[in-house]
There are 2 protein chains.
Amino acid sequence: MSESTPATIEDVARIAEVSIATVSRAIHTPEKVAKSTRLKVNQAIAITGYTTNAMARSLRLGRSNMILVVAPDIGDPNFSSILVGLENEARSHGYGVLIGHTQNDAQRALEYLKFLNSNQAAGLILFTGILPFGHETMTARLPPSVGIFEPVFNGGIPYVGIDDIEGARKVVDLLIAEGHRKIAFIGDSRTRLAYKRRREGFDAGLDAAGIRAELRLVQEGDGTLESGRAAVERLFVRDTLPTAFMCVNDQTALGVMIGLKARGYDIPGDFSVTGFDDVPQATFMTPALTTIRQPRTLIGKQAMALLLGLLSDRRPAETEILLRPDLVVRNSVTAPSRRWMAK
Amino acid sequence: MSESTPATIEDVARIAEVSIATVSRAIHTPEKVAKSTRLKVNQAIAITGYTTNAMARSLRLGRSNMILVVAPDIGDPNFSSILVGLENEARSHGYGVLIGHTQNDAQRALEYLKFLNSNQAAGLILFTGILPFGHETMTARLPPSVGIFEPVFNGGIPYVGIDDIEGARKVVDLLIAEGHRKIAFIGDSRTRLAYKRRREGFDAGLDAAGIRAELRLVQEGDGTLESGRAAVERLFVRDTLPTAFMCVNDQTALGVMIGLKARGYDIPGDFSVTGFDDVPQATFMTPALTTIRQPRTLIGKQAMALLLGLLSDRRPAETEILLRPDLVVRNSVTAPSRRWMAK
DNA sequence: ACACACCATGTAAAGGTTTACATCAGGGCA
DNA sequence: TGCCCTGATGTAAACCTTTACATGGTGTGT
């Protein structure tokens, strides 16, 4: 009717000549209303262009159709593909996705907390390993939540990630198969479980091949490009050089490559280098980086599906969903250089 | 009190020994309540941990504190930096950001329309040049909106972008300064205004230098990597070769570089290549791509600021905000090859 | 023919706010 | 003293749904 104000359920009821209760039922539990009435209601809806006011509905129901996604850095290119998965799954179930960007700042995280308290979000997707909110009394009040990549804080919150151990294993196995015996591992000493597991996979691979791990070849960094470069420097002051650098993530690998090139070495001619994550830039590095692909969109999809399940009281089958990591072979790995063999 | 149920305004009122109206006023229009009362209310709020229920508030007010951001592809790495700007600005004004992902699918776009109709979003940020919703009756009902990069549909909606003409001009000017006279332009024939403008800048630059434009050197593509490669092939079947390829965007430039390398040429030794947009991969291409930087985060910030202004009834000062494009000089441009000079 | 069950629908309350309007107290002024 | 104005607070309606409960009508079984 009047185009200015959106139609309410009452407008529909008037036109369909039924009560508003019937309209509501016709929409949400159609099997409870007579076919003929349902028809009238549907016509009235079509005429008015009625859409139910989500605010009123959420208020009445006590929960909204929004999912809050909190990530430390939404500018991270890796984030966007996951977001696609999250969003698709959410939308196809009538949920909307709300974005929160903490930049690892507790203050900001706290502001998002308000969205939860004020019932604006029915569920939570967490990207950080640690609960962003000062977990004090908080944890109790948290709505159904799902973590991405890692278990959240004190557990209890299911998460979706990849099998980091297996992924790392695939990388070492490749290097070993190529003939490498002295493999450096450039790690990340921060508390992320994923990084610990990649190290585990590395150790397991060496072990399985009967290679004695050399602790001198293990360097701890912080996952940044710079830490990769620094690790190279540290290794070169010693006299035990590896023939391959296995890096905990692609950033680190890039740093390693830069460091190696700065010293005039050829990759993979002189040294092989591997990454982990398959960031979009990996294809464009020179040489293109051999790494482990994170099925990002799928991770997002599964995480959202899990959360949506939680929201419908379906208890999660498992508290940990680990997807299969795939090895992406590009050009940064080859057999160890004769140069070092001779030595 | 009871931790199970979030505190309502009534709980606060009871503790502060005032009416709920006073509590509401103490929060939103503190100057209207006596200092002593204000104090009592604040204490009560602290005790209860009260946060106003956004659903109820939005219902009453008739508008929410959510901004819907609709983009054709939220997986696009360029999107994320803009999102950072949007999100920061929104959050600092108490607004939340809702993500919509249309994949250029009208059907999906329509689903987002529901968020608007149902009052779930107070404003709209549009990434597509064309209105995603089948603009029929829609346009009238649209909430305050702001476009990104381009004017939306039939105008009337302000937008924030960069000055594409000036950006393109900076590129041609650089090429010309390096000594290039025969410059190919690999364009995008789709209807995006930005692309038209980049072409305009190209023409203007040539004109200003007194170089006669050769239409044969202008190739229309569709902005994809493949279209860049195809353009190279088309140019090589003719005998008029350029010494430089100016591409409408970085994707196209990458395609051109691949095409050129496949034919055994060196960049920039044999041909110079330029892009536009400065996508994250540009640094990693070989050679690193000389291109135009989009101040993405700033664009997001400004767009959101503009929208927030609209929401407070402040009419926009201008309907078009064009930010300054910066030239990013890397390694894909050099003086024209002697090889062609000799010819 | 009566009781009962069942089905379709209506009535009204509840959910948490905001705000126009009413009320009330106190102070200034004639 | 009486009147009016002002400033602080309270009362209650409205925002739009959903749903428990009530109502009334139809049909089944005895």
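In what follows, chains carry the letters A, B, and so on, assigned in the order in which the sequence lines appear, proteins first and then strands, with residues in each chain numbered from 1. These numbers were taken from a predicted model, which means no experiment stands behind them.
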Colleague: Check whether any side-chain N or O of A/Thr102 sits under 3.5 Å from a backbone N or O of A/Asn104 as a donor-acceptor pair, and report yes or no.
Modeller: yes
Colleague: Verify the neighbour count for atom CZ of A/Arg190: are there more than 12 heavy atoms of other residues, nucleotides or ligands below 6.0 Å?
Modeller: yes
Colleague: Any chance CD of B/Glu17 has more than 12 other-residue heavy atoms, nucleotides or ligands included, within less than 6.0 Å?
Modeller: no
Colleague: Could you tell me whether B/Ser58 contacts a base, only the sugar-phosphate backbone, or nothing, with contacts defined as non-hydrogen atoms closer than 4.0 Å?
Modeller: nothing
Colleague: Taking atom P of C/dA14 as reference, at what distance in whole Å does atom CG of B/Asn53 sit?
Modeller: 17 Å
Colleague: Starting from P on C/dA12, measure out to CD1 on A/Ile9 and report it in whole angstrom.
Modeller: 17 Å
Colleague: Nearest whole Å is fine: how far is D/dT19 P from A/Arg60 CZ?
Modeller: 6 Å
Colleague: NA contact type, A/Ser24, heavy-atom cut-off 4.0 Å: base, sugar-phosphate, or nothing?
Modeller: base
Colleague: For A/Glu10, does the CD atom have more than 12 heavy-atom neighbours from other residues, nucleotides or ligands under 6.0 Å away?
Modeller: no
Colleague: Between N or O atoms, less than 3.5 Å apart, protein on one side and nucleotides 23-25 of chain C on the other: list the pairs.
Modeller:
none

Colleague: Is it true that a side-chain atom of B/Ser145 and a backbone atom of B/Pro143 form a donor plus acceptor pair closer than 3.5 Å?
Modeller: yes
Colleague: Got a second to check how far B/Thr37's OG1 is from B/Asn42's CG, nearest 0.5 Å?
Modeller: 10.5 Å
Colleague: Write down the distance between CD1 (B/Ile27) and P (C/dT19), rounded to a whole number of angstrom.
Modeller: 12 Å
Colleague: Distance check needed: D/dC16 P versus B/Gln120 CD, whole Å only.
Modeller: 15 Å
Colleague: Rounded off to whole Å, could you give me the CG-to-P distance for the B/Asn65 and C/dG16 pair?
Modeller: 18 Å
Colleague: Which pairs, protein N/O on one side and nucleotides 7-11 of chain D N/O on the other, fall under 3.5 Å?
Modeller:
unit_1, atom_1, unit_2, atom_2, d
D/dT9, OP1, B/Thr37, OG1, 2.3
D/dT9, OP2, B/Ala34, N, 2.9
D/dT9, OP2, B/Thr37, OG1, 3.3
D/dG10, OP2, B/Ser19, N, 2.7
D/dG10, OP2, B/Ser19, OG, 3.0
D/dG10, OP2, B/Thr22, OG1, 2.7
D/dG10, N7, B/Arg25, NH2, 2.8
D/dG10, O6, B/Arg25, NH1, 3.1

Colleague: Would you confirm whether B/Asp11, through its side chain, and B/Thr8, through its main-chain N or O, come within 3.5 Å as a donor-acceptor pair?
Modeller: yes
Colleague: Mark yes or no for whether B/Ser92, through its side chain, and B/Ala90, through its backbone, hold a donor-acceptor pair below 3.5 Å.
Modeller: no
Colleague: Rounded to whole angstroms, how far apart are CG on A/Leu59 and P on D/dT19?
Modeller: 13 Å
